[in-house]
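As a basis for the values below, the full set of heavy atoms in this structure was taken, side chains included, without hydrogen atoms, waters or symmetry mates. Note that the structure is predicted; figures quoted are calculated from it, not measured. For reference, positions follow the sequence shown, starting with 1.
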Amino acid sequence: MRGSLQAYKKVSIDSQLTSASPHRVIQMLMAGAIERLIQGKAAMEQNNMAVKGERLGKALDIVMSLRACLSMEDGGDISTNLDSLYEYMIHQITLSNQNNSPELIDDVVHMLREIKSAWDQIPEEFHALTNFAE
């Protein structure tokens, strides 16, 4: 049953991605990073090192992807500030994983939620202006 549920969830996410605007993809990436960080922290607290490493690794990949999507030429100070924040998050996730420090995950989750909240408030008429870095 669990395998079927996971397969259904993957198909659902894949279909959402194929029809999603770039704006929506960023929202999904942020939500995915937050979810993986929370799962990684829970695994860390349960001393499940294999799951901790896998979930934090996925979160790290997502944050690195978000950073890579920044348009430094067009984004001005916002892109520069986000780049610094993402770099800091990458560092904190890595430290948390190495040192089993769940409080570092809390800080990253808080920052991602703040960024996602601002991103979610962008009016729909501006969603088409979102572009991935080329």
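Under a 3.5 Å cut-off, the side chain of Arg55 and the backbone N or O of Val51 do not form any donor-acceptor pair. The backbone N or O of Glu114 lies less than 3.5 Å from no partner atom in the side chain of Trp119, so there is not a single donor-acceptor pair. Remark: the backbone N or O of Asp77 is paired with a side-chain donor or acceptor of Asn81 at under 3.5 angstrom. The main-chain N or O of Leu104 is never found under 3.5 Å from a side-chain atom of Ser101 such that the two would form a donor-acceptor pair. For Ser96 (side chain) and Gln92 (main-chain N/O), no donor-acceptor pair under 3.5 Å exists by modelled atom type. With hydrogens and angles ignored, the 3.5 Å screen pairs no side-chain donor or acceptor of Ser117 with any backbone N or O of Arg113. Side-chain N or O atoms of Lys52 include one that pairs as donor or acceptor with a backbone N or O of Asn97 at under 3.5 Å.
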**Request:** Begin with the C-alpha distance, continue with both residues' side-chain angles, and end with the deciding distance and a verdict on side-chain contact (heavy atoms from CB on, under 4.5 Å) for Ile115 and Met30.
**Result:** CA-CA 8 Å; Ile115 294 168; Met30 288 182 190; 3.6 Å; yes
**Message:** Evaluate Ile105 against Leu56 for side-chain contact (heavy atoms from CB on, under 4.5 Å), listing each step before the verdict.
**Reply:** CA-CA 9 Å; Ile105 297 297; Leu56 293 183; 3.6 Å; yes
**Request:** Take Met89 and Leu60, measure what side-chain contact (heavy atoms from CB on, under 4.5 Å) needs, and give me the verdict at the end.
**Result:** CA-CA 8 Å; Met89 288 180 204; Leu60 196 57; over 6 Å; no
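For Asp107, there are no salt bridge (Lys or Arg N to Asp or Glu O under 4.0 Å) partners at least two apart in sequence or on another chain. Residues that satisfy the side-chain contact (heavy atoms from CB on, under 4.5 Å) test with Asp74, not counting sequence neighbours, are Ser71.
Once rounded to the nearest 0.5 Å, the distance linking CG of Leu95 with OH of Tyr88 reads 9.0 Å. If you take CG on Asn99 and OG1 on Thr94, they are separated by 10.5 Å, rounding to the nearest 0.5 Å. Put simply, CZ on Arg67 and OG on Ser84 are 8.0 Å apart, with the number rounded to the nearest 0.5 Å. The CD atom of Glu54 lies 10.0 Å from the CG atom of Asn48; values are rounded to the nearest 0.5 Å. To the nearest 0.5 Å, atoms CE (Met72) and CG (Leu82) are separated by 8.5 Å. Taking CD from Gln27 and CG from Asp120, the interatomic distance works out to 4.5 Å, rounded to the nearest 0.5 Å.
Nearest heavy-atom pair, Val109 versus Leu37, reported as atom, atom and distance to 0.1 Å: CG2-CB, 3.7 Å. When all heavy atoms of Met44 and Asn100 are compared, the closest pair comes out as SD-C, 3.4 Å.
Contact annotation: the side chain of Thr80 never approaches that of Leu70 to less than 4.5 Å [non-hydrogen atoms, C-beta and beyond].
At most 12 heavy atoms of other shown residues, nucleotides or ligands fall within 6.0 angstrom of atom CD1 in Ile78.
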